[in-house]
Amino acid sequence: MSTPANLAPLLEPLALGGRTLRNRIIVTAHATYNIDAEHLPNDDDVAYFAERARGGAALVTMGTTAVHPSSPSPYGIYHNFDDRIVPRYEVLSESVHAHGGLVVPQLGHMGARTDGEAGAVWAPSQVSHHLWASVPYAMNRADVRTVVEAYAAAAERAVRGGMDGVEISVGHGQMVNLFLSPLTNRREDEYGGSDEARFRFCREVLEGVREAVGDALLLVRVNGSDEVAGSLDQDQWLDIDQRIAETGLVDAINVSANFYGSVIPTMAVPRGCYLHYARAVRARVDLPVGAVGRIVDPTMAAQALEDGDADFVGMTRAHIADPHLVAKVVEGRTDEIRPCIGCIQMCQGELGRHRNVKCVYNPVTGRERFLREVETTPADVPRRVVVVGGGPAGLETARVSALRGHRVTLFDERSELGGLVRVAARTDGRDGLIDAVDWLGNEVRRLGVDVRLRRTAESAEVLALEPDVVVLATGASEALPVWAAREDRRLLGAADVVSGRPKLSGTVVVVDETDRTSGMSAALAAAEQGCAVVLLTARPGPAELVEPEVRDDFLQRLHDAGVELRCSVQVHEFDLAGGTLRCGVGGLAALTYRDVDASGQLLTRAVPDVLIAADHVVHTWTEPRAELFADLPDSIEVRAVGDVLNPHRIEAAVHGAFELAASL
């Protein structure tokens, strides 16, 4: 196989300064949390970036590296304060170069972007603008000079460590952006008061860095727009881009967006969402321009080059999902590229949990040092494996088992593979979920798995295959919630409602007891049928286990649909006769209040229950489908994976399946 003709533009080399990109696909700067206690890149970081270079990426960019101790360090950014980072750079750059790639660190100062850590917060002016509402310390001239010099010193360490150059973060609400923006720069000295004066800090940083790196690469990452009222709009940024280009110091411009942070578009955001920004910059400046923003498909990336939107494209999350994307394009195996679905559950979500970068559907990501060769290493003894269940856990078990040389049969009672993921994907803005299970389904068939659909696997049929091991991935099904005395036509499961099977009317109350997306999806589905919808949660807010960006997408949709949210409300009972829910106000942790009287005697105040009338009640309660366990004889090795063990999120099912299959 060979590269499809329409993708050929992606593989053309591109000269950048004194270096050459071997193709037009790069991995842009992103945090990995692969750091040690001193915020220096560790061995996992070396393996992570080396794998993307091995897969063919032309350039990999390390995430933000703080150039000075005054910079906050949210989500595990690197530190480049002194020479301790140089040997780490040496190891990392050698590993990337060994696979033909280029590597640069992004240098920056997080300015007012703190997550509440101790220490001063530096900024051009005493203006709070970030989501954490920290009021920064206004830098004096000496501080400004210190930080400018720190950028140059950090750049020098990078090239001394074998890096191919550096990228300077000019956007994303970092320090340079704060100086450029009239919203945060209220200075009256030579660094503020006019567009030219606000640009001075940026220019001095670029001058110092260019002197430090010599003829190595100097890239900048800018905003297409700050997308914040009162800050820099697209036209103002185009003026800044032109100023940057006219300095003659920079080799390329990489165009992103947003002032409040490095906002990563969710699957609810259209693909290629920032392409229009890159197109405008490319029309304005005489420099190579890069585009980013949910460019996860090689066809879209190639079209962006053909249309003149950009000279190179950042496909960062696409490489988190599949580090061998470029190699598969080269070899004409594009149908084997594992897609990024935009869920941000682990590439972004894990950083918020102070853990390293991972991927929902690629269990190797972030663990390359230990797992890179697991799925391609043949098993010692090929076995006959029967997998029951075609959801994510069953599909991943079958895929990895087949890759390792086992003979695999997969049963699923549905007409399509994918399980409840296909139901979840019916919600507006969640259709990207289909891409992952479609890929898994295509892979198991490509690898020769015997797929048997519309088959409820009975023990006799399973045993007739003479399996060496049976893997139960039968998932979970909707079950009667604990607060319901018995089944009733008015009591519905969330998956049924999202599927659109029941006809709803009147007032619908959705009880969210999973803290995930299912309750919100059901509420939106009911609202689409014209119902008055109330969403109840015992937590302070709905879906507290969901990443903030995804939850924000849902909350906006719930608001637009007129869904009423009632938080800190726990359901006690569904009154079938009256059609009401009896609820305790106060949530899980505060159903009763304790106090003492003047004499010190303990008092208990019961929180009065409230009644909520409903024509339909939707619950999210599920229980494992484990009945096949009892039907199989003890002589058969039976393993279980996914929601049949306990209902949880997709990544736990997929990662657990990978580990199980690796052990067979």
- Query: Which heavy atom in S518 sits nearest to a heavy atom in A494, and how many Å separate them?
  - Reply: O-CB, 4.0 Å
- Task: Enter the distance from S125:OG to N185:CG here, rounded to the nearest 0.5 Å.
- Result: 5.0 Å
- Task: Please test Y274 against V255 for side chain to side chain contact (heavy atoms under 4.5 Å, CB included), starting from the C-alpha separation and ending with a verdict.
- Result: CA-CA 8 Å; Y274 298 150; V255 187; over 6 Å; no
- Query: About how many Å separate OG1 of T514 and CE of M520, when rounded to the nearest 0.5 Å?
  - Reply: 8.5 Å
- Side-chain heavy-atom pair L491, L480 within 4.5 angstrom cut-off: yes
- Give me the one residue out of M346, E651, E396, K358 that meets side-chain contact (heavy atoms from CB on, under 4.5 Å) with P363. E396
- Query: Between H616 and R489, is there a donor-acceptor pair closer than 3.5 Å when you use the side chain of the first and the backbone of the second?
  - Reply: no
- Which is it for L504 and L492 under the side chain to side chain contact (heavy atoms under 4.5 Å, CB included) test, yes or no, and what are the steps along the way? CA-CA 10 Å; L504 306 178; L492 305 167; 3.3 Å; yes
- Message: Testing the basics here: between L395 and V437, what is the closest heavy-atom pair and its distance to 0.1 Å?
- Response: CD1-O, 4.2 Å
- Query: Looking at H655 and C359, what are the two nearest heavy atoms and their distance?
  - Reply: NE2-O, 2.8 Å
- Where the side chain of N223 meets the backbone of N258, is there a donor-acceptor pair that is under 3.5 Å apart? yes
- Message: Nearest 0.5 angstrom please: R367 CZ to N362 CG, how far?
- Response: 9.5 Å
- Message: If the test is side-chain contact (heavy atoms from CB on, under 4.5 Å), which one of D512, L558, V533 qualifies with L565?
- Response: L558
- Query: How would you list all residue pairs meeting salt bridge (Lys or Arg N to Asp or Glu O under 4.0 Å) that involve residues 568-581, not counting sequence neighbours?
  - Reply: E573-R582
- Report yes if some heavy atom in the side chain of V482 is under 4.5 Å from a heavy atom in the side chain of W621; otherwise report no. yes
- Item | Audit row: R221, T64, side chain to side chain contact (heavy atoms under 4.5 Å, CB included) steps and yes/no | CA-CA 11 Å; R221 193 168 201 189; T64 299; over 6 Å; no
- Message: Looking at K503, is its backbone amide N or carbonyl O close enough to the side chain of Q529 to form a donor-acceptor pair, meaning the two atoms are under 3.5 Å apart?
- Response: no
- Query: Between Y277 and G224, what is the shortest heavy-atom contact and its length?
  - Reply: CG-CA, 3.6 Å
- Mind checking whether L440 and L417 have side chains closer than 4.5 Å, heavy atoms only? no
- Task: Can you sort out the partners of T620 under side-chain hydrogen bond (donor to acceptor under 3.5 Å, both in side chains), two or more places apart, ordered by chain and number?
- Result: none
- Task: Evaluate the side-chain proximity of W237 to D226: yes if any heavy-atom separation is below 4.5 Å, no if none is.
- Result: yes
- Task: Look up atom CD1 in I341 and atom CG in D438, then write down how far apart they are to the nearest 0.5 Å.
- Result: 11.5 Å
- Find out whether W483 and H619 are in side-chain contact, i.e. whether some heavy atom of one side chain is under 4.5 Å from a heavy atom of the other. yes
- Residues at least two apart in sequence or cross-chain that pass side-chain hydrogen bond (donor to acceptor under 3.5 Å, both in side chains) with S256, listed by chain then number, are H172
- Return the set of residues passing side chain to side chain contact (heavy atoms under 4.5 Å, CB included) with A652 (not counting sequence neighbours), or none when no residue passes. H648
- When you look at D428 and F554, which way does the side chain to side chain contact (heavy atoms under 4.5 Å, CB included) test go after all the steps? CA-CA 9 Å; D428 183 33; F554 268 101; over 6 Å; no
- Straight-line distance of H30 NE2 to T316 OG1, nearest 0.5 Å: 6.5 Å
- Query: Partners of T266 by side-chain hydrogen bond (donor to acceptor under 3.5 Å, both in side chains), sequence neighbours excluded?
  - Reply: D553
- Query: Is there a donor-acceptor pair under 3.5 Å between the side chain of T537 and the backbone N or O of P542?
  - Reply: no
- Can you name the closest pair of heavy atoms from D412 and G389 and give their distance? OD1-C, 3.6 Å
- Distance-minimising heavy-atom pair for G111 and M175: CA-CE, 4.0 Å
- Query: Are C343 and M267 side-chain neighbours, meaning at least one heavy-atom pair lies under 4.5 Å?
  - Reply: yes
- Note on the structure: Residues at least two apart in sequence or cross-chain that pass side chain to side chain contact (heavy atoms under 4.5 Å, CB included) with T456, listed by chain then number, are E413, E458
- Query: So, R399 side chain and E443 main chain: donor-acceptor pair closer than 3.5 Å or not?
  - Reply: no
- Does V546 offer a backbone N or O that forms a donor-acceptor pair with the side chain of R551 under 3.5 Å? yes
- Short side-chain to backbone donor-acceptor contact, N356 and T32, under 3.5 Å: no
- Query: Sequence neighbours excluded, which residues qualify as side-chain hydrogen bond (donor to acceptor under 3.5 Å, both in side chains) partners of R490?
  - Reply: D488
- Are the side chains of S415 and L453 in touch, meaning some heavy atoms are under 4.5 Å apart? no
- Item | Any residue meeting salt bridge (Lys or Arg N to Asp or Glu O under 4.0 Å) with D643, in chain and number order, not counting sequence neighbours | none
- Task: Sequence neighbours left out, what passes salt bridge (Lys or Arg N to Asp or Glu O under 4.0 Å) with D435? Give chain and number order.
- Result: R271
- With R353 via salt bridge (Lys or Arg N to Asp or Glu O under 4.0 Å) - residues at least two apart: E350, E547
- Note on the structure: CE of M110 to OG of S169, rounded to nearest 0.5 Å, is 7.5 Å
- Message: Counting only heavy atoms from other residues, nucleotides and ligands, does the tally under 6.0 Å from CD of E487 exceed 12?
- Response: no
- Query: Are any of the side-chain heavy atoms of L183 and V228 separated by less than 4.5 Å?
  - Reply: yes
- Query: Just by distance, with hydrogens left out, do Q556 and D552 show a side-chain donor and acceptor under 3.5 Å apart?
  - Reply: no
- Message: Keeping R294 on the side-chain end and V269 on the backbone end, is there a donor-acceptor pair under 3.5 Å?
- Response: yes
- Set of salt bridge (Lys or Arg N to Asp or Glu O under 4.0 Å) partners for E544, sequence neighbours left out: none
- Task: Can you label the angle between the H109 ring and the W122 ring as parallel, tilted or perpendicular, going by 30° and 60°?
- Result: parallel
- Message: For R566, give me all partners under side chain to side chain contact (heavy atoms under 4.5 Å, CB included), at least two apart in sequence or on another chain.
- Response: V534, L536, E564, V569, I612
- Query: Checking R426 side chain against S521 main chain: does a donor-acceptor pair fall under 3.5 Å?
  - Reply: no
- Query: Just by distance, do the side chain of E549 and the backbone of I264 share a donor-acceptor pair under 3.5 Å?
  - Reply: no
